[in-house]
Amino acid sequence: MSGTGPRENIFPTRMALTNTKLRLKGAQTGHSLLAKKRDALTTRFRAILRRVDEAKRKMGRVMQLASFSLAEVTYATGDISYLVQEQAKSASFKVKAKQENVSGVVLPAFEVDRVPGSDFNLTGLGRGGQQVLRAKEVYAKAVETLVELASLQTAFMILDEVIRATNRRVNAIEHVVIPRLENTIKYITSELDEMDREEFFRLKKVQGKKKRDAQVAEELKKALDSSDEAQASPVGGSDGSDLLGSKDEDVIF
């Protein structure tokens, strides 16, 4: 019998068939939407992956330049850490967070807001001023690259988890929900067809019995009519003689 696979325990009626077909249509629509969402997230994931790779390479180059710049400053002016600590009154960089919606997934994005100030203007005034300014710019670039990398890495991890969950849902609908509903529809259809065949056979039997009963009643009626005619035929005389034409014998008193 069709529909022998995994199916739902349901009583086979036409209403159940209609409801199951509606559920199958909804499952197919949901599968299509989730597949489109998965494709969009995968496209964005790959783009972010390329940007993460570029940002990591860029971070390595910038940190290398920053290390060389710090070595130049140390060679030219000596240790200036105490001067930096004394002149640093407020943060020169502020990180702003915003949100970006990608196919219903909220991804955080970080931006660097550089605050203009007069920090370190007197550092390296005696000697090594150019090296100090160069190191300042290189490390500023390193901070910006680090924030960009942090934003991309966070979005990468979130998208990776969401894509896995979406893939599980798509596979569950495709390989579990839809086949189960299809088997249920096949089962209900086969049972309804069997019921229709049984009903047709029953009606045929009932019609044949009625026809036979009507034929028997017709034959009985004909038999009764013929018997009534047979009983009514001797009334006119049994020997067929003419009563008026016959003569009575003389009666002698």
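Residue numbers count from 1 along this sequence.
Clustering ILVMFWY residues whenever any of their side-chain heavy atoms sit less than 4.5 angstrom apart, transitively, puts Leu149 in the very cluster that holds Phe45. Hydrophobic cluster membership differs between Phe110 and Leu152, with clusters built from Ile, Leu, Val, Met, Phe, Trp and Tyr side chains linked at under 4.5 angstrom. By the rule that hydrophobic residues join a cluster once side-chain heavy atoms approach within less than 4.5 Å of another member, Leu49 and Ile163 end up as members of one cluster. Val62 and Val143 fall into different hydrophobic clusters, where Ile, Leu, Val, Met, Phe, Trp and Tyr side chains are chained together by heavy-atom contacts under 4.5 Å. Phe156 and Val147 are not part of a single hydrophobic cluster, where members link through side-chain heavy atoms under 4.5 Å apart.
With rounding to the nearest 0.5 Å, the separation of CG in Leu17 from OG1 in Thr189 is 5.0 Å. For the atom pair CD1 of Ile188 and CD of Glu8, the computed distance is 8.5 Å after rounding to the nearest 0.5 Å. Taken to the nearest 0.5 Å, the NZ atom of Lys186 stands 12.0 Å off from the CG atom of Leu181. Here CG of Asp113 is found 10.0 Å from CZ of Phe93. Values are rounded to the nearest 0.5 Å. Note: Leu146 CG to Met59 CE = 4.5 Å, rounded to the nearest 0.5 Å. Rounding to the nearest 0.5 angstrom, the gap separating the OG1 atom in Thr184 from the CD1 atom in Ile10 is 7.0 Å.
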Could you walk me through whether Gln28 and Ile178 pass the side-chain contact (heavy atoms from CB on, under 4.5 Å) check?
-> CA-CA 7 Å; Gln28 292 173 346; Ile178 291 180; 4.1 Å; yes
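The list of side-chain hydrogen bond (donor to acceptor under 3.5 Å, both in side chains) pairs with a residue in residues 139-157, not counting sequence neighbours, is empty. Identified under the side-chain hydrogen bond (donor to acceptor under 3.5 Å, both in side chains) test for residues 9-21, with sequence neighbours left out: Arg14-Asp196.
The shortest distance between side-chain heavy atoms of Lys205 and Lys209 does not fall below 4.5 Å. Glu111 has its side chain out of reach of Val95: every pair of non-hydrogen atoms, C-beta onward, lies at least 4.5 Å apart. Glu100 has its side chain out of reach of Val106: every pair of non-hydrogen atoms, C-beta onward, lies at least 4.5 Å apart. Taking 4.5 Å as the limit, every side-chain heavy atom of Leu65 sits out of range of all side-chain heavy atoms of Arg61.
With hydrogens and angles ignored, the 3.5 Å screen pairs a side-chain donor or acceptor of Asn183 with a backbone N or O of Pro179. A donor-acceptor pair under 3.5 Å is formed between the side chain of Ser190 and the backbone N or O of Tyr187.
Heavy atoms of other residues, nucleotides or ligands lying less than 6.0 angstrom from CD of Glu199 number more than 12. For Arg57, the CZ atom is loosely surrounded, since the number of other residues' heavy atoms within 6.0 Å does not exceed 12.
Closest of all the heavy-atom pairs between Ser69 and Val138 is OG-CG2, 3.8 Å. Shown here for Ile158 and Pro108, the closest heavy-atom pair between the two residues is CD1-CD, 3.4 Å. Ala27 and Ile173 make their closest contact through O-CG2, 3.6 Å (heavy atoms, listed as atom of the first residue, atom of the second, distance). Looking at every heavy atom in both residues, Arg180 comes nearest to Arg7 through NH1-O, 3.5 Å. Of all the heavy atoms in Thr166 and Leu34, the pair that sits closest is CG2-O, 3.7 Å. The two residues Ser103 and Lys37 have their closest heavy-atom pair at O-CE, 3.3 Å.
Under the side-chain hydrogen bond (donor to acceptor under 3.5 Å, both in side chains) criterion, Lys210 pairs with no residue at all, not counting sequence neighbours.
One finds a salt bridge joining Arg197 and Glu194 here, because a Lys/Arg side-chain nitrogen approaches an Asp/Glu carboxylate oxygen to under 4.0 Å.
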